[in-house]
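Worksheet: the structure to be examined is printed underneath.
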Amino acid sequence: MMVKRMGVPPVGSTPEQPSSAGPATPADASDASNAPTGDPRANFAFDLPARRSREGTTEPASTDATSRRKPHDEALQEFLDALSRGPLVSSIPNRPVGQIGSLDTIAADSGVAVGALEDQIRRDMSAFCERAVATRHVDRLKHQALIDKFYNLYVLSGSAESPGWLSAMRDFDSFIAHYCPQADPLAKRALIDCVESFVRISLLPLRLYRPDFVINGGDAALPAYDDPGNWIRLNTAWVNMQVIDEARQLVSDGSSAYQNLLTHDTGSAVLSQIGENNAIWSAQRALQHGGKLVTGEYAYSAYQQAHTSLDGRQGHNNVYTSRDNLSSKKYTIQRWFNESPVTFGINEEKQREYDRAHRGTAPYIEVGTEVAVGPVVPLENIAAIAAPKANEAMFRAWIEAHCPSARFVSYEAVDLLDYADKRVRMPPAQHYPRGGFDRDFLA
């Protein structure tokens with residue numbers, strides 16, 4: 001049985017929603033035949049079925065966009081409906097269930113008494129920082145046990161009975177200030193890399209999960225703490241029923257409304273600043289107004305280069321965006337367990353109108369898919385906010401308070417729809433004369 005976090009609800013957790021696609025067949029999660037197989041370099045959904053043949057359906061001659069999209073949307077729904085009828089499993093097989101240890105257990109595993117655990121963490125971080133600076137690189141997998149210990153302490157710090165020194169485990173800045181104030185940007189970046197790796201593998205924030213075959217035999221020996229259940233197996237991945245339901249709802253509501261947006265990647269640590277400013281500010285503008293950079297492209301680069309200041313008056317003088325889709329995570333940063341990557345989807349037409357009104361005819365700078373859109377992006381120009389499905393509740397609360405016109409869209413639903421879109425545009429598989437899905441594609 002999975003152990004609940006004590007005093008700390010899962011970040012962005014939402015109750016399980018039943019699928020409206022019809023009954024699914026439960027499957028034994030321990031069945032070894034359900035283990036993912038396939039080329040580790042393959043796209044997560046290479047093994048999804050080709051689209052069902054739509055005999056007699058032709059593209060209407062009407063120039064109306066809604067009319068033209070209707071057959072395509074129906075094909076998407078057919079694809080997702082078929083996917084949702086796959087057998088469900090209650091947890092990803094062959095993954096040990098993570099259990100939160102007690103302070104006594106954690107101290108014993110560290111070789112010290114509980115009273116000495118605080119100083120042991122300082123020694124752990126001192127060695128970590130020295131190694132990061134000396135090698136300019138850390139092996140994230142080798143540090144999973146250390147980050148797992150920090151995560152356990154983070155969870156325990158939410159208990160009213162926890163000792164006072166544990167409160168420094170609640171967020172990244174407090175942790176750095178209390179346990180390793182000597183950490184330079186390179187050491188901080190190394191710690192962030194390890195935290196992001198741990199979160200991805202063991203906290204399962206993405207409900208479209210492909211085991212990392214490159215390391216540790218498909219993550220098999222690493223614990224999973226927040227497995228939400230209700231997974232459907234693909235050949236090289238697992239998709240949660242929540243994601244399929246969301247994708248189906250997006251198609252029903254008109255998913256095209258959330259395509260062709262300019263995207264800006266950052267992290268949830270900056271949400272409070274964005275809410276206060278009622279806008280996304282460029283790094284330079286934020287610094288000039290006394291702010292501190294914690295996430296975004298400039299902060300990402302500063303951590304990577306280890307010599308660029310996060311303070312002062314440096315920084316990009318534009319908000320940088322791209323024409324990638326909403327699942328873009330190029331410059332997202334998740335520094336700690338209570339944070340999340342986030343991508344803002346910006347309505348380009350509204351943003352250009354805003355810039356014309358405030359900056360005249362200043363042209364946008366475009367390099368490849370990158371677009372500089374000026375120093376300010378008002379929240380009224382945000383059409384969608386994307387993040388991991390597991391953190392939906394966090395972002396819905398923020399959207400309601402600061403950006404009610406925006407819609408939450410999960411990274412996973414975007415990726416699933418992107419692939420489904422490609423598949424339904426393909427002709428039916430030749431070895432199925434009538435078209436249709438391979439009934440064994442989940443086997």
Side-chain angles (χ1 to χ4, degrees), residues 12 14 64-66 68-69 72-73 76 243 245-268 270-282 295-297 318-332 340-359 364-366 369-389 391-418 420-421:
T14 55
D64 179 75
T66 302
R68 289 198 308 270
R69 285 200 59 84
H72 179 71
D73 288 351
L76 284 176
V243 176
D245 287 344
E246 181 189 354
R248 295 170 72 242
Q249 188 63 49
L250 282 170
V251 174
S252 178
D253 295 344
S255 58
S256 59
Y258 304 101
Q259 299 169 356
N260 303 317
L261 299 174
L262 296 176
T263 58
H264 175 73
D265 310 323
T266 185
S268 64
V270 79
L271 287 180
S272 60
Q273 294 180 29
I274 293 175
E276 290 173 4
N277 300 331
N278 201 34
I280 301 171
W281 282 1
S282 69
T295 65
E297 180 180 357
N318 280 279
V319 175
Y320 277 82
T321 68
S322 78
R323 299 193 183 278
D324 296 330
N325 67 21
L326 277 170
S327 65
S328 170
K329 296 180 281 292
K330 283 183 180 177
Y331 301 110
T332 59
S340 171
V342 58
T343 300
F344 288 86
I346 302 165
N347 184 303
E348 183 174 359
E349 182 179 354
K350 287 186 176 181
Q351 183 60 26
R352 286 186 181 273
E353 289 177 359
Y354 174 85
D355 280 338
R356 280 194 292 268
H358 292 81
R359 296 200 301 156
Y364 282 176
I365 301 171
E366 297 198 34
T369 62
E370 301 292 321
V371 185
V373 297
V376 177
V377 177
L379 290 183
E380 64 190 31
N381 294 349
I382 305 300
I385 294 177
K389 185 68 173 176
N391 300 337
E392 180 174 359
M394 171 203 295
F395 289 101
R396 284 194 179 278
W398 190 88
I399 289 170
E400 183 178 353
H402 300 286
C403 195
S405 62
R407 176 169 185 161
F408 175 84
V409 183
S410 74
Y411 288 144
E412 301 94 313
V414 172
D415 284 338
L416 185 59
L417 278 178
D418 182 63
D421 179 77

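Along the sequence shown, residues are numbered consecutively beginning with 1. The figures here come from the full heavy-atom set of this structure, side chains too, leaving out hydrogens, waters and symmetry mates.
A salt bridge links K389 to E392: one of the charged nitrogens lies within less than 4.0 Å of a carboxylate oxygen.
Of all non-hydrogen atoms in E412 and A387, the two that sit nearest each other are OE1-O, 3.9 Å. Closest non-hydrogen pair, A384 versus L326, comes out as CB-CD1, 3.9 Å. Closest non-hydrogen pair, F408 versus P388, comes out as CZ-O, 3.9 Å. Contact detail for P375 and R359: the closest heavy-atom pair is CD-CD, 3.9 Å.
For E366, the salt bridge (charged side-chain N to carboxylate O under 4.0 Å, His left out) criterion is met by R323, R352, not counting sequence neighbours. Taking the side chain to side chain donor-acceptor pair (under 3.5 Å) definition, one finds that T343 meets it with D265, Y411, sequence neighbours left out.
In this structure, N325 and T263 have side chains that are not in contact, with every pair of non-hydrogen atoms separated by 4.5 Å or more.
At least one donor-acceptor pair under 3.5 Å links the side chain of Q351 to the backbone N or O of V373. With hydrogens and angles disregarded, no donor-acceptor distance shorter than 3.5 Å links the side chain of H402 to the backbone of W398. Of the possible polar contacts, none joining the E380 side chain to the A279 backbone as a donor-acceptor pair under 3.5 Å is found. A donor-acceptor contact shorter than 3.5 Å links the side chain of S268 to the backbone of S340. A donor-acceptor pair under 3.5 Å links the side-chain atoms of N347 to the main chain of K350, judged by distance alone.
The CD atom of E276 lies 9.0 Å from the CH2 atom of W281; values are rounded to the nearest 0.5 Å. Between I274 atom CD1 and I382 atom CD1 the span is 8.0 Å, to the nearest 0.5 Å. Distance CG/N278 to CG/L379: 4.5 Å, rounded to 0.5 Å. Atoms CG and CG, from L250 and L417 in turn, are 6.0 Å apart once rounded to the nearest 0.5 Å. Rounding to the nearest 0.5 Å gives a distance of 10.5 Å between CG of L262 and CD of E370. In this structure, S327 OG and L416 CG are separated by 11.0 Å, a value rounded to the nearest 0.5 Å.
Counting only residues at least two apart or in different chains, salt bridge (Lys or Arg N to Asp or Glu O under 4.0 Å) contacts with residues 397-407 comprise D253-R407.
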What verdict does the side chain to side chain contact (heavy atoms under 4.5 Å, CB included) test give for L271 and F395, after you've listed the backbone C-alpha separation in whole Å, the side-chain angles of each residue and the deciding distance to 0.1 Å? CA-CA 9 Å; L271 287 180; F395 289 101; 3.7 Å; yes
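Screening T332, V319, V342 for a side-chain contact (heavy atoms from CB on, under 4.5 Å) with T266, the sole residue that qualifies is V342.
Ring geometry, H264 versus F344: the interplanar angle falls from 30° to 60°, so the pair is classed tilted.
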